[in-house]
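Quick caveat: nothing in here was measured; it's all calculated off a predicted structure. A note on names: the letters A, B, ... follow the listed sequences, proteins ahead of strands, and every chain is numbered from 1.
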2 protein chains.
Amino acid sequence: MDRLDKKILRLLQEDSTLAVADVAKKVGLSTTPCWRRIQKLEEEGVIQRRVAILNPQKINTRVNVFVSIRTNAHSHEWLKRFSEVIQEFPEVVEFYRMSGDVDYLIRVVVPDIAAYDAFYKKLIAKIEIRDVSSAFAMEQIKYTTEMPLDYMVLDKETNSSAA
Amino acid sequence: MDRLDKKILRLLQEDSTLAVADVAKKVGLSTTPCWRRIQKLEEEGVIQRRVAILNPQKINTRVNVFVSIRTNAHSHEWLKRFSEVIQEFPEVVEFYRMSGDVDYLIRVVVPDIAAYDAFYKKLIAKIEIRDVSSAFAMEQIKYTTEMPLDYMVLDKETNSSAA
DNA sequence: TGTGAAAGCCTTTAACG
DNA sequence: CGTTAAAGGCTTTCACA
């Protein structure tokens with residue numbers, strides 16, 4: 001991966017409907033090499049997928065809840081079961097194993113507090129959890145799927161050659 | 001929005017490279033009406049954008065940090081400034097105003113703890129914050145841009161008519 | 001690796017039930 | 001609102017530098 005791949009990724013992270021020819025123009029390439037690069041980035045799994053991002057307002061999932069979970073069952077078995085349970089819920093859009101005093105953190109999207117309560121009841125009915133604490137977001141000020149590309153490790157461009 | 005729009009959204013949330021004809025087939029429509037529906041969903045802003053999702057591993061942003069922020073400057077001015085500062089950082093991918101004892105919650109993506117420390121220093125150099133506490137994720141178990149569509153409010157399908 | 005052009009597929013429009 | 005079919009554009013491939 002080099003500077004041009006990075007430019008391509010930057011563009012496609014913003015808008016994946018861009019035509020290959022347009023991407024090519026913007027990065028200063030003609031279509032075929034640009035197409036080949038995009039292809040390669042997909043094969044290598046750098047580009048994982050292309051998706052439509054929906055407006056949460058319009059689909060009635062405007063409330064974000066962060067749920068901190070503590071457990072005493074630190075077994076592999078419990079985590080496996082917990083994982084499976086969580087994956088089943090489409091309301092859970094993010095799920096992290098944490099360091100520190102909280103064991104797991106999940107982000108849940110729902111229309112309102114009542115729906116969160118229903119979700120919560122369904123969750124604790126399915127698996128035993130020592131301690132759950134919920135924090136409600138009043139407002140989502142920023143949300144993006146664009147990752148910073150500043151940390152990308154680029155191949156040394158010692159000259160014009162590459163692998 | 002009706003049941004068919006919902007199906008279309010479900011498909012495009014998963015994979016926006018699907019050809020209109022394929023979407024049409026899957027929802028049991030022919031291409032033109034399906035195309036018109038997708039067009040409308042975009043115009044109405046239900047579909048906000050189409051983006052490429054990158055693999056965090058490959059672009060060296062595998063570490064997620066959740067930063068809880070408390071402030072005593074509860075003024076509109078302070079929030080405006082804070083917002084602007086945060087938006088500037090590509091490492092901040094989510095930003096919420098919270099209820100409860102934490103005022104703001106942000107998710108930061110970086111390659112490692114050292115990079116987080118550098119980010120942290122840049123942040124506090126730019127704006128005064130009363131209290132910052134960082135929680136590191138050891139593992140991202142689930143991350144999806146797919147929102148649950150179960151809460152969507154559908155038009156009453158009393159018969160076959162619509163607006 | 002890059003260029004330019006040809007082939008084929010998809011999107012988009014139009015004409016019509 | 002649905003269908004079928006034609007037009008135009010984009011992706012993808014190929015031959016070549």
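Not counting sequence neighbours, B:Glu128 has no partner by the salt bridge (Lys or Arg N to Asp or Glu O under 4.0 Å) test.
Note on A:Lys80 versus A:Glu84: salt bridge recorded, some NZ/NE/NH1/NH2 to OD/OE distance being below 4.0 Å. The pair B:Arg50-B:Glu42 counts as a salt bridge, with a side-chain nitrogen and a carboxylate oxygen less than 4.0 angstrom apart. Salt bridge present: A:Asp101 and A:Arg70 bring a charged side-chain N and a carboxylate O closer than 4.0 Å.
Across the protein-nucleic acid pair, B:Lys40 atom NZ and C:dT12 atom P stand 18 Å apart, rounded to whole Å. Taking atom CG on A:Asp15 and atom P on D:dC10, their separation rounds to 14 Å, with Å as the unit. Regarding B:Ile38, its CD1 atom lies at a distance of 15 Å from the P atom of D:dC1, rounded to whole Å. Taking atom CZ of residue A:Arg37 and atom C1' of nucleotide D:dT11, one finds them 18 Å apart after rounding to whole Å. Between the CG atom of A:Asp2 and the P atom of C:dG2 there is a distance of 9 Å, given to the nearest Å. For the pair A:Arg50 CZ and D:dC10 C1', the computed distance is 13 Å after rounding to whole Å. The distance between atom CD of B:Glu43 and atom P of C:dT12, rounded to the nearest whole Å, is 12 Å. When rounded to the nearest whole Å, the span between CG of B:Leu18 and P of C:dC9 equals 18 Å.
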Protein-nucleic acid N or O pairs under 3.5 Å, nucleotides 13-17 of chain C:
| from | atom 1 | to | atom 2 | distance (Å) |
| --- | --- | --- | --- | --- |
| C:dT13 | O4 | B:Thr32 | OG1 | 3.3 |

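Taking the side chain of B:Ser30 as heavy atoms from C-beta on, and the options D:dT4, C:dC10, C:dT3, the nearest nucleotide is D:dT4. Considering only the side chain of A:Leu29, C:dG2 comes nearest among C:dG2, D:dG2, D:dT11.
Judged by distance alone, with hydrogens and angles left aside, the side-chain atoms of B:Thr145 form no donor-acceptor pair with the main-chain N or O of A:Ile53 at under 3.5 Å.
Ring-centre distance between A:Tyr96 and A:Phe66: not below the 6.0 Å cut-off.
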